[in-house]
Amino acid sequence: MNVPLIDLKAQHAPLADQIAAATLRVIHNTDFILGSDVAAFEEEFAAFCGTSFAVGVANGTDAIHLACRALGIGAGDEVITVANTFIATLIGIQLAGARPVLVDCNESDFLIDINRIEAAITPRTRAIAIVHLYGQCVEMEPVLALARRHNLRVIEDSAQAHGAVWNGKRAGSFGDIGCFSFYPSKNLGACGDGGICVTGSAELRDRLRLLRNWGSTIKYHHDIFGFNSRLDTLQAAILRIKLPHLNSWNTARQRIATDFERQLAAIPQVRPPRPGEPGRHVFHLYVVRVPDRDRVLQELQKAGVGAGIHYPIPPHLSPAFASLGYGRGSFPVAEKLAGEILSLPMFPELTPDQTEHIFHALLKATITPCNP
Ligand SMILES: *Cc1c(COP(=O)(O)O)cnc(C)c1O
């Protein structure tokens, strides 16, 4: 049996006809750029998140980039974020001209270690960019309190956490701007690239609208320096079909995670994630910790289990960010985790037979070393 890390075809099949019809409708209407589906989806996604406004952009990286710019963050400014993240968080900050300043993660949930944020604040710090990594909502109350105390803005990289809930509120709705990606494999994915910023501020909404569209809301009137970074109308039309399914997809992920956790209790070497309060984790990825990870990963792949590593090289050790001046030992927890983490296949359509197969492959891989 083969179990992929994620099976997009399984998600697409039941919606294929609707998606094809919506695609044709947009093509016949020819309102390709900022068409009516973009505005409609923005309204629907803002309502889903519990925010007043949403502004569709080209991708999640741009959502972070334009969020920084909308908040007036640029050259000479610092934005605090976490050492354990996908590199796009740092790229978005740097695209705005600001410097990403990293804080280590904690071992219990792999998210930013809130207790270490304060020590990273300097006179240049303008914002904290929280990352709800793997689908897990950061405990926002202490972050918001810290930000208030130091007069910092809060950006939420929610690219992996569509629908995650903490304290009754959804990821993306706590800070000044929440940033989402609709990369196809995300919990809500388009048929291509896409992204969105959500905010409770009409002023920030207006800045974001300018920034994504060459600094213009009236054709050929350019108020500020802007970019070409709009959510494509075709993608918005497709996302409108998928959004009503997001809650049930997330619930399916949570149910599968519960099954995994029960099964994994039989393999003490494998440490499952700790989901915390119900709804806090929407399991974009199901990340366990396991000793001898590289060998276990190989064994799983041989058994047809499409496990992966998210991410094998922490951004501060990647050549792309050598200029930040960090090195090995700068963030010990993130570096240690990078050697132990393993993502098991996770998608809403995963069947009990498939989870069974993953469990048995993992059991075999963890009890039979390659070179006895
Ligand atoms: C996917 C992702 C992004 C970037 O989104 P794109 O749409 O691929 O540009 C940013 N941050 C995190 C945490 C992500 O997982």
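Atoms considered below: every heavy atom in the structure, side chains included; atoms not considered: hydrogens, waters and symmetry mates. Atoms within a ligand are numbered from 1 in the order they appear, just like the ligands themselves. Since this is a predicted model, take the numbers as computed values, not measurements.
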Between ligand 1 and the protein, which N/O pairs fall short of 3.5 Å?
| from | atom 1 | to | atom 2 | distance (Å) |
| --- | --- | --- | --- | --- |
| ligand 1 | 5 (O) | Ser181 | OG | 3.3 |
| ligand 1 | 7 (O) | Gly60 | N | 2.7 |
| ligand 1 | 7 (O) | Ser181 | OG | 2.6 |
| ligand 1 | 9 (O) | Gly60 | N | 3.3 |
| ligand 1 | 9 (O) | Thr61 | N | 2.9 |
| ligand 1 | 9 (O) | Thr61 | OG1 | 2.5 |
| ligand 1 | 11 (N) | Asp157 | OD1 | 3.3 |
| ligand 1 | 11 (N) | Asp157 | OD2 | 2.7 |
| ligand 1 | 15 (O) | Gln160 | NE2 | 2.8 |
| ligand 1 | 15 (O) | Lys186 | NZ | 2.6 |

Discussion item. Looking only at the aromatic ring of each residue, does the gap between the centers of Phe180 and Phe48 stay below 6.0 angstrom?
Written reply: no
Practice prompt. Could you label the plane-to-plane angle of the Phe45 and His162 rings as parallel, tilted or perpendicular, counting under 30° as parallel and over 60° as perpendicular?
Written response: perpendicular
Item to complete: Step through it carefully: locate the ring centre of Tyr183, locate the ring centre of Phe86, and say whether they are under 6.0 Å apart.
Response: no
Item to complete: State, with a plain yes or no, whether a side-chain heavy atom of Lys364 is found less than 4.5 Å away from one of Lys302.
Response: no
Worksheet item: What closest approach, in Å, do Tyr134 and His310 show between heavy atoms, and which atom pair accounts for it?
Response: OH-O, 2.7 Å
Discussion item. Quick check: closest heavy atoms across Arg69 and Arg207, and the distance to 0.1 Å?
Written reply: O-NH2, 4.4 Å
